[in-house]
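Right, one structure below, let's go through it.
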Amino acid sequence: VFGKDITLFLILNNLSFDHKTVKVDMSASTILYTRRAVAEILKATTSVDLGSKQGKHIRLKIPYSYYGKYLTTDKRIQVTALCEVMHTNGLKLLVEKTIILEDTNIIIKIPRRVVVNKAVTLEISYANPLPEPVSRCVLLVTLMNQQVKIHLARLAPRERSKIYFEFTPRRTGPLQLQVDFSCDKFSHVKGFVTIAVAPA
């Protein structure tokens with residue numbers, strides 16, 4: 001989840017009866033959705049001894065403090081591990097994983113029944129998932145082809161807050177509400193709901 005430390009495990013298995021020593025070069029970079037690297041955030045090298053038919057786990061931890069300021073709005077991190085089996089004429093294996101960090105910031109609560117031409121109040125809850133305060137918080141609410149920009153107070157680390165948003169639907173049928181939350185540390189955290197508007 002965005003704002004939290006990331007823990008990964010690389011599992012190495014020796015499928016032979018011979019003892020193996022594996023050198024592992026690990027790296028992590030923030031990337032765009034096109035897979036183009038933005039910034040390298042972690043580099044580590046380790047060596048693992050594997051006995052006959054033995055398996056081992058290598059733990060890799062990426063703290064938020066490493067990736068936070070380098071993450072783009074795509075919220076993607078590419079992790080690679082180049083595993084080289086020593087004394088085998090350079091036998092190598094490359095393992096790659098792309099992590100897409102999830103947002104859990106926006107929660108929209110709607111009444112059980114929404115009726116045309118009758119005012120309805122929604123609860124929009126938003127959060128700062130980071131271990132540091134954020135300021136210049138803005139919610140952009142898009143509904144019925146109109147946008148409303150709401151300036152919000154700063155949020156303390158891990159703080160959740162809420163606002164109430166009132167509107168009157170002018171037609172029956174499905175209506176989509178989209179919320180976009182931005183601040184000085186991250187931007188474009190989105191949430192949306194489809195509201196079923198009933199006849200009066």
Side-chain angles (χ1 to χ4, degrees), residues 1-8 30-36 38-39 41 61-78 97-200:
V1 177
F2 175 59
K4 303 272 182 78
D5 294 349
I6 300 164
T7 302
L8 301 169
T30 56
I31 60 168
L32 301 173
Y33 75 95
T34 57
R35 291 174 61 95
R36 187 168 71 82
V38 176
I41 53 174
K61 185 175 181 180
I62 309 172
Y64 165 75
S65 58
Y66 284 23
Y67 73 80
K69 62 184 175 183
Y70 299 111
L71 207 60
T72 70
T73 53
D74 295 330
K75 296 186 175 63
R76 291 171 187 252
I77 295 174
Q78 176 90 23
K97 183 170 181 65
T98 301
I99 301 162
I100 303 172
L101 299 176
E102 292 179 9
D103 291 317
T104 54
N105 289 17
I106 305 289
I107 299 170
I108 304 166
K109 292 183 181 175
I110 58 176
R112 287 180 65 180
R113 185 168 163 79
V114 177
V115 178
V116 71
N117 293 325
K118 188 175 179 183
V120 59
T121 301
L122 308 175
E123 181 187 289
I124 301 173
S125 137
Y126 54 96
N128 171 16
L130 308 183
E132 56 188 333
V134 296
S135 58
R136 298 202 298 276
C137 303
V138 175
L139 268 184
L140 192 63
V141 181
T142 306
L143 181 69
M144 297 186 293
N145 296 321
Q146 292 187 323
Q147 286 191 331
V148 179
K149 194 175 192 177
I150 305 165
H151 293 274
L152 308 165
R154 71 197 300 273
L155 291 172
R158 314 276 188 215
E159 182 184 2
R160 179 169 283 281
S161 190
K162 66 180 76 167
I163 63 162
Y164 294 93
F165 183 79
E166 185 180 286
F167 75 99
T168 303
R170 296 300 180 197
R171 61 177 176 80
T172 58
L175 196 62
Q176 193 170 81
L177 170 92
Q178 185 170 314
V179 178
D180 187 309
F181 178 53
S182 295
C183 65
D184 64 331
K185 299 285 194 320
F186 55 86
S187 60
H188 304 304
V189 173
K190 297 181 187 296
F192 68 91
V193 291
T194 299
I195 303 165
V197 182

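As the structure is a computational prediction, the values presented were derived from the model and not from experiment.
For the pair Arg35 and Thr98, the minimum side-chain heavy-atom distance is below 4.5 Å. The shortest distance between side-chain heavy atoms of Lys75 and Val189 falls below 4.5 Å. Annotation: side chain of Val38 is in contact with side chain of Leu32 (closest heavy-atom distance under 4.5 Å). For the pair Arg170 and Asn117, the minimum side-chain heavy-atom distance is below 4.5 Å. At least one side-chain heavy atom of Leu177 sits under 4.5 Å from a side-chain heavy atom of Ile195.
Proximity of a side-chain donor or acceptor of Asn128 to a complementary backbone N or O of Ala156 within less than 3.5 Å is detected. Judged purely by atom type and a 3.5 angstrom limit, Ser182 uses its side chain to pair as donor or acceptor with the backbone of His188.
Among residue pairs with one or both ends in residues 123-168, those qualifying as ring pair (Phe, Tyr, Trp, His ring centres under 6.0 Å) are Tyr126-Phe181; sequence neighbours excluded.
For the side chain to side chain donor-acceptor pair (under 3.5 Å) test, residues two or more places apart in sequence or in another chain that qualify with Glu132 are Tyr64.
Listed here is the closest heavy atom pair of Ile41 and Ile62: CD1-CG2, 3.9 Å. Scanning all heavy atoms of the two residues, the minimum distance from Leu155 to Ser161 falls at CD2-CB, 3.9 Å. Of all heavy-atom pairs between Val116 and Arg171, the closest is CG2-N, 3.5 Å.
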